[in-house]
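Below, chain A is the first sequence line, B the second, and so on; all start at residue 1.
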2 protein chains.
Amino acid sequence: MSFHWPLTRIEKTVSHNGKSVSQECAMASAPTRIRLSDVAAAAEVSVATASKALNGTGRMTEETRRRVRDVADALGFRPNAMARALSSQRSLTVGLITNDSYGRFTLPVMSGLSNALVDDGISVLMSNVEDDPVAARRHLDTMLDRQVDGLVVTGRRIDTALPLDLAEVPIPVVYAFTAAPENAVSLTADDAQGARLATDWLSGLGRGRLAHVTGPEEFAAARIRAAAFRDVAGPGAPVLHGDWSEAWGHAAIGRLWGQGARPDGIFCGSDQIARGVVDALRERGVDVPGDVSIVGFDNWSIVAAATRPPLTTVDMGLGGIGREAGRLVRALIEGGDVAPGPRRLPCRLVVRDSCGGSAPAAG
Amino acid sequence: MSFHWPLTRIEKTVSHNGKSVSQECAMASAPTRIRLSDVAAAAEVSVATASKALNGTGRMTEETRRRVRDVADALGFRPNAMARALSSQRSLTVGLITNDSYGRFTLPVMSGLSNALVDDGISVLMSNVEDDPVAARRHLDTMLDRQVDGLVVTGRRIDTALPLDLAEVPIPVVYAFTAAPENAVSLTADDAQGARLATDWLSGLGRGRLAHVTGPEEFAAARIRAAAFRDVAGPGAPVLHGDWSEAWGHAAIGRLWGQGARPDGIFCGSDQIARGVVDALRERGVDVPGDVSIVGFDNWSIVAAATRPPLTTVDMGLGGIGREAGRLVRALIEGGDVAPGPRRLPCRLVVRDSCGGSAPAAG
DNA sequence: CGACTCGCCGGAAACGTTTACGACGCTACC
DNA sequence: GGTAGCGTCGTAAACGTTTCCGGCGAGTCG
């Protein structure tokens with residue numbers, strides 16, 4: 001049921017002290033929002049009862065409750081969130097802080113988060129703090145002034161922490177897709193499972209000489225994925241660390257081919273790397289996916305789809321991470337006990353054309 | 001001055017009815033925020049005076065005002081935004097609605113917006129409404145419940161409108177970088193100026209046979225840029241409309257070269273198109289920037305920097321658009337008279353390597 | 001038939017600000 | 001010295017909810 005501003009006059013029947021007064025409020029020019037007291041008056045109950053009726057609290061005849069609800073619906077009543085917040089000491093608001101200036105990771109997370117919370121009437125207060133601690137502190141303070149009930153922190157990539165110390169913040173904090181303190185509630189993609197998914201897919205297609213081209217070894221995600229890759233592909237399978245760029249993907253092919261290693265399946269640590277790899281192979285006259293199958297990571301569709309051929313890649317489900325962050329922060333706010341520590345959400349494989357074949361034999 | 005939670009005990013000196021009572025509130029476990037009444041008590045004035053002192057309203061001795069301010073600082077007082085909102089009927093909050101799921105355009109805008117507003121204590125409530133009108137309505141209603149003072153609407157590209165009718169919304173709306181109703185306050189990049197910048201740059205480098213490869217003609221931005229391009233390059237200069245993709249840039253080169261037209265300067269409607277163009281030229285053995293100079297549009301650094309050679313491109317200043325949107329929405333909220341209609345903010349050229357040469361002769 | 005119980009509902013006090021209005025003390029002038 | 005006038009500050013009523021607690025009606029049992 002959606003709310004529309006009252007464009008007509010509204011009859012308020014106020015019954016007070018036994019005598020019933022009918023008054024009319026003209027709202028041609030400045031439409032006043034319906035207040036709870038208006039609903040109460042129209043339903044001929046007290047404000048207290050109206051509040052309880054609508055919130056499902058308190059005890060009263062089912063008939064009364066229904067009547068209040070019907071009246072509220074008819075009048076298009078929507079509670080004033082400010083008043084509600086002031087009174088209940090809960091703002092029904094969570095803050096989302098990010099340092100991902102491009103939004104590539106953050107926006108899907110924020111979207112999942114806000115969708116997970118909007119049905120509870122919770123909205124998301126967002127701000128982007130570059131890497132300036134002072135500005136970050138100012139944004140955080142503004143959120144705290146606004147009595148946010150919880151905080152979600154996200155970032156541009158795992159391993160780059162925000163310039164903020166949230167240890168003393170008096171509200172629940174959930175870290176999503178960013179570096180988190182040891183004992184915090186945090187959420188990331190399951191890199192190991194994602195890497196296995198990719199590697200299994202390659203070997204399922206009959207690719208036996210696998211290689212992994214990925215980001216810097218300092219990144220936990222890169223290390224975890226590399227380890228999972230070796231679990232499947234064998235301890236001797238080559239793993240090349242570089243940076244997260246196309247240029248590195250390009251260079252890595254030069255290095256592999258220069259060494260005479262000729263993998264027939266390459267799992268890449270990001271779609272950008274994969275794109276560099278595919279381009280380098282094409283330039284060398286190596287056919288993808290004929291000669292070599294490629295799997296990327298991120299499912300950054302703008303890159304994955306523009307690559308020729310379009311990339312088969314691992315999707316981290318950022319939206320899902322956002323939704324789960326919403327669930328967790330809500331649980332924490334409501335006082336539920338949520339075990340601290342990292343949580344990993346499964347990735348899924350998005351199949352496009354860069355691997356050839358169809359499903360692996362095993363199905 | 002940043003706010004830190006009080007970790008020590010706080011002496012409150014309450015003077016009431018002439019007699020002064022000193023009481024102590026222990027806050028070892030649950031730190032209570034300092035309220036205005038605490039400040040007032042400590043400064044030995046009334047709550048009203050304290051409020052006026054801190055807000056710079058009302059009249060009082062400069063000494064009193066300073067004393068209250070000093071006490072507030074010392075106590076680390078931060079006003080409760082909910083109470084303030086309820087009382088003053090202004091939530092000090094603006095909503096940002098987008099339908100840009102990737103965040104490529106939206107996040108810079110939101111960042112500029114929130115930075116423009118944070119110093120006034122205004123924060124940004126954000127939500128991403130895909131293209132579902134029902135969900136969009138729900139998000140909007142939640143924001144209105146929260147009494148947002150204004151709304152900024154942004155999108156993934158000019159010309160795709162949000163599935164929302166904001167005509168009846170009782171608060172100011174500013175459209176930033178998205179399709180807007182005729183008489184609304186809206187903000188976009190100055191496409192004509194940006195296109196002239198690019199084209200001038202190319203001819204300044206001595207390129208005389210210019211072409212323009214851009215997005216669909218249905219997009220106003222594409223039409224405007226094309227017109228500006230022809231203003232500079234001459235009415236006969238070829239303009240090729242396609243979609244906003246790399247593939248189209250690639251294909252466009254095939255078409256141009258197939259026709260025997262051999263431009264020596266190409267202005268592209270997006271960095272993605274430019275990338276396709278550059279790749280296609282390389283594949284044909286045409287040297288960029290030796291034989292042909294390329295200019296892109298968007299300064300999407302992740303694409304522009306990954307292209308070989310890195311793209312010289314037009315930056316639309318999305319952050320600036322966000323900041324200006326903040327200024328405008330604040331002005332509207334404060335009742336200032338802002339002329340309706342579209343506003344265009346200047347673009348700037350970011351010079352990388354895809355044009356060769358250095359600055360044009362004219363400087 | 002009266003008292004006790006129980007369930008439904010209402011009165012009123014919060015929540016922490018802002019702000020209209022009025023009181024009070026001071027100076028200055030007649 | 002009384003009073004007008006001005007400038008400071010305090011009292012109290014908002015803002016729109018939630019929630020504690022108590023009253024009051026009806027039903028039941030002695």
Task: Contact under 4.0 Å: B/Thr49 side-chain N or O vs D/dG10 OP1/OP2 - done: yes
Open item on the list: OP1 or OP2 of D/dT17 versus the side-chain N and O atoms of A/Ser37: is any pair under 4.0 Å?
Closed with: no
- [ ] Nearest whole angstrom, please: distance from the P of C/dT18 to the CG of B/Leu36.
- [x] 6 Å
Open item on the list: In this structure, how many angstroms lie between the C1' atom of D/dG16 and the CE atom of B/Met82, rounded?
Closed with: 14 Å
- [ ] May I have the distance from B/Arg84 (atom CZ) to D/dG16 (atom C1'), rounded to whole angstrom?
- [x] 19 Å
Open item on the list: I need the CZ-C1' distance between A/Arg90 and D/dT17, as an integer number of Å.
Closed with: 14 Å
Task: Heavy-atom pair of closest approach, residues B/Leu96 and B/Met143 - done: O-CE, 3.7 Å
TODO: In whole angstrom, give the distance that lies between atom CD of A/Gln89 and atom P of C/dT17.
DONE: 11 Å
- [ ] Let me know the distance between CZ of A/Arg78 and P of D/dG16, rounded to the nearest Å.
- [x] 17 Å
Task: Rounded interatomic separation in angstrom, taking CG from A/Leu92 and P from D/dG16 - done: 18 Å
Task: A/Glu324 bridged to A/Arg327 by N-O distance under 4.0 Å - done: yes
Open item on the list: Any side-chain to backbone donor/acceptor pair from A/Arg146 onto B/Gly121? Under 3.5 Å, distance only.
Closed with: yes
Task: Sidechain N-carboxylate O distance under 4.0 Å for B/Glu63, B/Arg67 - done: yes
Open item on the list: Other residues, nucleotides and ligands only: do more than 12 of their heavy atoms fall within 6.0 Å of CZ on B/Arg323?
Closed with: no
Open item on the list: What I want to find out is whether B/Arg66 reaches B/Asp70 closely enough, with some N-O distance under 4.0 Å, to be called a salt bridge.
Closed with: yes
Task: Whichever of B/Ser88 and A/Ser87 has its nearest DNA chain D nucleotide further upstream toward 5' - done: B/Ser88
- [ ] Could you check whether A/Ser51 gets within reach of a base, just the sugar-phosphate, or nothing at all, counting any heavy atom under 4.0 Å?
- [x] base
Task: Taking every non-hydrogen atom, the tightest pair across B/Leu125 and A/Leu125 - done: CD1-CD1, 2.8 Å
Task: Salt bridge flag under 4.0 Å for residues B/Asp145 and A/Arg33 - done: yes
TODO: Using five base pairs at each end, measure the axis-to-axis angle across the helix from C/dC1-D/dG30 to C/dC30-D/dG1 and round it to 10 degrees.
DONE: 70°
Open item on the list: Counting C-beta onward and ignoring hydrogens, is there a side-chain heavy-atom pair between A/Val174 and A/Leu328 closer than 4.5 Å?
Closed with: yes
TODO: For B/Leu86 and for B/Ser46, find the nucleotide of DNA chain D with the closest heavy atom, then tell me which residue's nucleotide is more 5'.
DONE: B/Ser46
Open item on the list: So if I take residues 53-60 of chain B and measure heavy-atom distances to DNA chain C, which residues fall below 4.0 Å?
Closed with: B/Asn55
Task: Side chain of A/Ala48 - closest among C/dT17, D/dG16, D/dT19 - done: D/dT19
- [ ] Would you mind reading off the distance between A/Glu44 atom CD and C/dG10 atom P, rounded to a whole angstrom?
- [x] 10 Å
